[in-house]
Amino acid sequence: MSYSIRRGTPPNTRTVMRLTTRDTVSQARALIAEGDLEFRIFNSRGEPVELQALERALHSLPERAS
């Protein structure tokens with residue numbers, strides 16, 4: 001499933017980036033580390049998703065091939 005990181009408040013949000021589960025978790029963690037907390041994560045159906053739910057889903061994914 002793909003996810004998007006958006007800025008703004010619904011219904012006036014704009015998509016900043018569209019990513020896979022693994023990349024969304026990495027990017028969200030990087031934004032938080034930089035002190036940026038003004039974003040929301042949505043799944044491909046437009047439903048809001050919490051980072052903790054994505055982190056749990058990440059553990060069930062197979063390791064990335066090198």
Side-chain angles (χ1 to χ4, degrees):
M1 181 176 285
S2 66
Y3 295 89
S4 60
I5 293 180
R6 300 182 190 175
R7 297 204 181 279
T9 54
N12 299 320
T13 62
R14 65 180 174 83
T15 300
V16 178
M17 55 191 80
R18 197 164 266 126
L19 305 160
T20 63
T21 303
R22 185 174 277 111
D23 293 337
T24 300
V25 171
S26 297
Q27 187 62 43
R29 286 178 179 164
L31 290 170
I32 291 168
E34 294 171 4
D36 184 354
L37 304 176
E38 298 297 319
F39 66 91
R40 294 172 183 253
I41 301 171
F42 292 86
N43 64 22
S44 57
R45 294 183 297 263
E47 302 163 337
V49 178
E50 292 187 6
L51 179 57
Q52 292 84 3
L54 282 177
E55 289 173 327
R56 285 192 301 272
L58 183 62
H59 294 296
S60 66
L61 293 176
E63 289 295 320
R64 202 182 276 191
S66 298

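Quick note: numbers below take in every heavy atom, side chains included, and nothing from hydrogens, waters or symmetry partners. The first residue of the sequence shown is numbered 1, and numbering continues consecutively from there.
- To the nearest 0.5 Å, atom CG of residue L54 and atom CG of residue D23 are 11.5 Å apart.
- No side-chain donor from either of R22 and T20 sits under 3.5 Å from a side-chain acceptor of the other.
- For residues 10-21, no pair satisfies salt bridge (Lys or Arg N to Asp or Glu O under 4.0 Å), with sequence neighbours left out.
- In terms of hydrophobic clustering, with Ile, Leu, Val, Met, Phe, Trp and Tyr side chains grouped at heavy-atom distances under 4.5 Å, M17 and Y3 are assigned to a common cluster.
- Remark: E47 engages R45 in a salt bridge (Lys or Arg N to Asp or Glu O under 4.0 Å) (not counting sequence neighbours).
- Of all heavy-atom pairs between L51 and A28, the closest is CD1-CB, 3.8 Å.
- Linking Ile, Leu, Val, Met, Phe, Trp and Tyr residues whenever their side-chain heavy atoms come within less than 4.5 Å places V16 and F39 in a single cluster.
- Linking Ile, Leu, Val, Met, Phe, Trp and Tyr whenever their side-chain heavy atoms come within less than 4.5 Å puts I32 and L19 in one cluster.
- If you take CD1 on I5 and OG1 on T13, they are separated by 13.0 Å, rounding to the nearest 0.5 Å.
- Applying the side chain to side chain donor-acceptor pair (under 3.5 Å) rule to pairs touching residues 25-35 yields R29-E55, sequence neighbours excluded.
- Following chains of ILVMFWY side-chain contacts shorter than 4.5 Å, one can reach V25 starting from L37, so the two form part of one hydrophobic cluster.
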